[in-house]
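Below is one structure, written out as structure tokens, with a few remarks after it.
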Amino acid sequence: MELRQLRYFVAVVEEANFTRAAARLHLAQPGVSSQIRLLERELGQPLLDRSGHSVTPTEVGEAVLPYARAALAAVEGARQTVDEFTGLLRGHVTIGVVSGAVTPEFDVASVLADFHDDHPQVEIALTEDTSERMLAALRRGELDIAAVGLTDEEAPPGISLQVLIDEPLVAAMAPGDPLLADASRADVPLVALRDRSLISLPRGTGLRGVLERACAEAGFRPRIAFEAAAPPVLAQLAARGLGVAVVPGLPAEAASALGLRTLRITEPRLRGRVALAWRTAGLSSPAAEALLGRLRTALPR
């Protein structure tokens with residue numbers, strides 16, 4: 001019995017598919033299948049049921065699975081212990097970033113590049129997704145760290161947060177919009193947007209959650225005419241007169257350069273917040289802990 005066979009077995013169970021498991025392991029599918037057959041032959045029992053649309057563990061496979069995971073964890077623990085003595089970090093860290101969050105002020109890419117230069121043995125996987133899905137992935141252990149948009153004031157259960165961005169939300173519109181008829185106006189109550197076509201980030205993002213919750217508390221559902229994952233696209237749509245975009249606050253000069261005017265949303269005042277998030281119970285490896293520390297230090301708060 002070889003460790004690589006156990007690793008392949010665990011990967012196939014977790015992916016429920018030989019092709020996806022092989023891609024995850026960066027191997028050819030026939031090689032993964034062959035090694036698992038050798039493992040089954042050595043144990044004298046089939047470990048996987050290949051008869052359905054997805055691959056599932058047999059009763060014997062279910063019984064073997066925790067031992068396979070324990071063996072792999074023990075080997076990884078031994079490797080990490082040696083690395084700690086030698087001062088070397090290695091391993092794999094997964095980090096998620098909410099769509100549209102990477103900006104010159106929120107320069108995650110530079111932080112990751114500097115970390116990689118200092119710790120070249122650490123593999124970093126970066127993905128973009130909605131805040132809702134990334135928080136769920138954090139709880140399942142599929143992500144180590146995420147930069148998420150927040151809907152609630154309190155941290156979700158089991159998740160620790162460090163707020164990085166906290167900005168008022170504004171209504172952004174083309175200069176000829178009826179809401180701008182009064183040139184001295186600087187803000188707009190939320191209820192004034194009740195019957196307007198709105199432009200917003202997609203569902204599952206923190207900003208969209210803040211907007212929908214505030215509208216529900218005000219007694220109406222927002223009319224979302226357009227969605228886009230990146231705030232600059234929202235601004236472009238609004239500048240063409242396609243609706244009112246709900247976006248984080250923009251300096252007057254920046255809004256003017258985009259062909260927009262903005263009004264603060266009031267009654268209530270809405271805020272867009274982005275935070276680093278990780279499991280309160282702890283991170284999966286010293287490498288993940290080191291990267292989290294670097295992010296917490298380097299990113300603006």
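Fair warning: this is a prediction, and the values are worked out from it, not measured in the lab. Residues take their numbers from the sequence shown, with the count starting at 1.
- Counting all heavy atoms, side chain and backbone alike, Pro268 lies closest to Leu190 at CD-CD2, 4.0 Å.
- Glu42 contributes a side-chain N or O that, together with a main-chain N or O of Met1, makes up a donor-acceptor pair within less than 3.5 Å.
- Remark: Arg273 does not engage Glu167 in a salt bridge, criterion side-chain N to carboxylate O under 4.0 Å.
- Side-chain N or O atoms of Ser285 include one that pairs as donor or acceptor with a backbone N or O of Ala288 at under 3.5 Å.
- Here the side chain of Ser54 pairs no donor or acceptor atom with the backbone of Ala16 at under 3.5 angstrom.
- Shown here is Arg203, whose CZ atom has no more than 12 heavy atoms of other residues, nucleotides or ligands within 6.0 Å.
- Checking side-chain atoms of Ser33 against main-chain N and O of Gln29 turns up a donor-acceptor pair under 3.5 Å.
- When every heavy atom of Ala171 is checked against every heavy atom of Met173, the shortest pair comes out as O-CE, 3.2 Å.
- In summary, Glu14 and Arg69 engage in a salt bridge, as defined by a charged side-chain N under 4.0 Å from a carboxylate O.
- No side-chain heavy atom of His116 sits less than 4.5 Å from a side-chain heavy atom of Val122.
- For the pair Thr151/Arg213, a side-chain contact is recorded, criterion being any heavy-atom separation below 4.5 Å from C-beta on.
- Shortest non-hydrogen contact noted between Leu201 and Ala228 is CD2-O, 3.2 Å.
- Two residues are said to be in side-chain contact when any heavy atoms from C-beta on lie closer than 4.5 Å; Leu150 and Val163 meet this criterion.
- For the pair Glu40 (side chain) and Leu47 (backbone), a donor-acceptor distance under 3.5 Å is present.
- The main-chain N or O of Ala252 is never found under 3.5 Å from a side-chain atom of Ser256 such that the two would form a donor-acceptor pair.
- Nearest heavy atoms, Trp278 versus Asp144: CB-O, 3.8 Å.
- Checking side-chain atoms of Arg50 against main-chain N and O of Leu48 turns up a donor-acceptor pair under 3.5 Å.
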Could you walk me through whether Asp195 and Arg223 satisfy the salt bridge (Lys or Arg N to Asp or Glu O under 4.0 Å) test, starting with their C-alpha distance in whole Å, then the side-chain angles of each, then the deciding distance to 0.1 Å, before giving a yes or no? CA-CA 7 Å; Asp195 297 320; Arg223 291 176 51 193; 5.2 Å; no
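- Salt-bridge formation is not detected for the pair Arg294/Asp114: no Lys NZ or Arg NE/NH1/NH2 atom is positioned less than 4.0 Å from an Asp or Glu carboxylate oxygen.
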Do Leu169 and Leu207 pass the side chain to side chain contact (heavy atoms under 4.5 Å, CB included) test, and can you show the C-alpha distance, the side-chain angles, and the key distance before you say yes or no? CA-CA 8 Å; Leu169 298 184; Leu207 188 152; 3.7 Å; yes
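- Looking at every heavy atom in both residues, Leu211 comes nearest to Ser200 through CD2-OG, 4.1 Å.
- Of the possible donor and acceptor atoms, none in the side chain of Thr94 sits under 3.5 Å from a partner among the backbone N and O of Ala125.
- In terms of heavy-atom proximity, Thr58 sits nearest to Pro46 at OG1-O, 2.7 Å.
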Criterion side-chain hydrogen bond (donor to acceptor under 3.5 Å, both in side chains) on Thr127 and Asp129, from CA distance to verdict: CA-CA 7 Å; Thr127 185; Asp129 208 337; 5.6 Å; no
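- Salt bridge Asp177/Arg261: absent, no basic N to carboxylate O contact under 4.0 Å.
- The backbone N or O of Leu143 sits less than 3.5 Å from a side-chain atom of Arg279, completing a donor-acceptor pair.
- Between Leu258 and Gln236, every side-chain heavy-atom pair lies at or beyond the 4.5 Å cut-off.
- The closest donor-acceptor contact from the side chain of Ser197 to the backbone of Gly243 lies at 3.5 Å or more, if one exists at all.
- The pair Glu227-Arg208 meets the salt-bridge criterion, with a side-chain N (NZ, NE, NH1 or NH2) lying under 4.0 Å from an Asp/Glu carboxylate O.
- More than 12 heavy atoms of other residues, nucleotides or ligands shown are found within 6.0 angstrom of CD on Glu142.
- When the shell of 6.0 Å around CD of Gln5 is examined, it contains more than 12 heavy atoms from other residues, nucleotides or ligands.
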